[in-house]
Engineer: 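Have a look at this one.
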Amino acid sequence: ALEGLPSPDAAFVGGSGGKLESILHALTAQNPRVRVVVNAITLETLEAGVRLLEGLDFENVEVTQVSISKAAPKGTRHLLTAQNPVFIISARGVEK
C-alpha cells in the first residue's frame, strides 16, 4: 500500500490485520527515522508491537493506555459504562 507514496515522516497504524511486522519493515525501508504510532486493543497486539519496535531498533518506545466511558441513562440518572481500553505505542526509528 506504500508503493508510489512519498517517504513518510510519521505513520499511524491501527487495525494491522496481523501484518504489523511487514508494515513496520515497509515503513523503515522507506525512512529509517520514521515516527510510528500503533494502536492496540488486545494484549497480544500490545506485546507484539513493543517486541517488534524494540527488535527493529526503534528508540523511545512508549506505551500509553487510554480508557473511554460512555454515559448511559439509568432511570433519571446517567451511569458511565466502561469501553475497552486502547494501548497507544509510539516510537522513532533509528538510522543504522
Side-chain angles (χ1 to χ4, degrees):
L2 297 174
E3 193 172 315
L5 295 175
S7 179
D9 293 326
F12 179 83
V13 181
S16 64
K19 297 182 172 108
L20 184 57
E21 185 171 9
S22 62
I23 291 168
L24 293 174
H25 280 290
L27 290 169
T28 56
Q30 287 197 347
N31 178 5
R33 298 269 310 143
V34 68
R35 175 131 180 97
V36 296
V37 175
V38 178
N39 275 357
I41 60 170
T42 68
L43 294 175
E44 291 78 11
T45 303
L46 170 64
E47 184 276 328
V50 170
R51 179 178 39 80
L52 288 167
L53 290 167
E54 290 176 345
L56 290 171
D57 294 326
F58 276 75
E59 62 185 5
N60 300 325
V61 178
E62 296 181 347
V63 176
T64 303
Q65 185 266 317
V66 295
S67 296
I68 304 295
S69 296
K70 287 181 143 184
K74 183 75 171 177
T76 60
R77 308 277 185 194
H78 288 83
L79 297 177
L80 290 174
T81 303
Q83 305 297 302
N84 288 331
V86 176
F87 300 96
I88 303 167
I89 312 162
S90 62
R92 175 167 300 282
V94 177
E95 193 149 6
K96 297 177 184 182

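The analysis underlying the following values was restricted to heavy atoms, covering all of them including side chains, and did not include hydrogens, waters or symmetry mates.
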Engineer: Considering only residues two or more places apart or on different chains, which pairs with a residue in residues 38-48 satisfy salt bridge (charged side-chain N to carboxylate O under 4.0 Å, His left out)?
Structural biologist: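 Every pair satisfying salt bridge (charged side-chain N to carboxylate O under 4.0 Å, His left out) with a residue in residues 38-48: E47-R51.
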Engineer: What is the distance from atom CG of N39 to atom CD1 of I89, rounded to the nearest 0.5 Å?
Structural biologist: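 Answer rounded to 0.5 Å: 8.5 Å.
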Engineer: Work out which heavy atom in Q30 is nearest to a heavy atom in S7; give both atom names and the distance.
Structural biologist: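 Scanning both residues completely, I find the closest heavy atoms to be O-OG, 2.8 Å.
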Engineer: Can you hop from L24 to F12 via hydrophobic side chains spaced under 4.5 Å?
Structural biologist: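 No; F12 is not reachable from L24 via cluster members.
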Engineer: Are I68 and L43 connected, step by step, through hydrophobic side chains (Ile, Leu, Val, Met, Phe, Trp, Tyr) whose heavy atoms are closer than 4.5 Å?
Structural biologist: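 Shared cluster, no.
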Engineer: Calculate, to the nearest 0.5 Å, the distance between atoms NE2 and CG belonging to H25 and L56 respectively.
Structural biologist: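 Reported to 0.5 Å precision, the distance equals 4.5 Å.
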Engineer: With the 4.5 Å side-chain cut-off for hydrophobic clustering, are F58 and V37 part of the same group?
Structural biologist: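 Different clusters: F58 never reaches V37 through Ile, Leu, Val, Met, Phe, Trp or Tyr contacts under 4.5 Å.
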Engineer: Testing the basics here: between V34 and A11, what is the closest heavy-atom pair and its distance to 0.1 Å?
Structural biologist: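 In this case the closest contact between V34 and A11 is CG2-N, 4.3 Å.
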Engineer: With sequence neighbours left out, which residue pairs that include part of residues 68-90 fulfil the salt bridge (charged side-chain N to carboxylate O under 4.0 Å, His left out) condition?
Structural biologist: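 Residue pairs passing salt bridge (charged side-chain N to carboxylate O under 4.0 Å, His left out), neighbours aside: none found.
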Engineer: In this structure, would I23 and L52 fall into the same cluster of hydrophobic residues linked by side-chain contacts under 4.5 Å?
Structural biologist: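 Looking at the clustering, L52 is in the same group as I23.
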Engineer: Hey, does the side chain of R33 reach the backbone of V94 with a donor-acceptor pair shorter than 3.5 angstrom?
Structural biologist: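 Checking the backbone N and O of V94 against the side chain of R33, no donor-acceptor pair under 3.5 Å is found.
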Engineer: Grab the two heavy atoms, one from P8 and one from L27, that are nearest each other, plus how far apart they are.
Structural biologist: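 P8 and L27 have their closest heavy atoms at CG-CD2, 3.9 Å.
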Engineer: Please walk me through it: do I41 and N84 pass side-chain contact (heavy atoms from CB on, under 4.5 Å)?
Structural biologist: CA-CA 7 Å; I41 60 170; N84 288 331; 5.5 Å; no
Engineer: Who passes side chain to side chain contact (heavy atoms under 4.5 Å, CB included) against Q65, sequence neighbours left out?
Structural biologist: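 Counting only residues at least two positions away or on another chain, Q65 forms a side chain to side chain contact (heavy atoms under 4.5 Å, CB included) with S67, P85, F87.
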Engineer: With a 4.5 Å cut-off on side-chain heavy-atom distances among I, L, V, M, F, W and Y, is there a chain of contacts connecting V13 to V66?
Structural biologist: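 Different clusters: V13 never reaches V66 through Ile, Leu, Val, Met, Phe, Trp or Tyr contacts under 4.5 Å.
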Engineer: Roughly how far, to the nearest 0.5 Å, is the CD atom of E62 from the CG atom of L53?
Structural biologist: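 Result: 11.5 Å between the selected atoms.
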Engineer: On a heavy-atom basis, which atom in A40 and which in L46 lie closest, and how many Å separate them?
Structural biologist: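 In this case the closest contact between A40 and L46 is CB-N, 3.7 Å.
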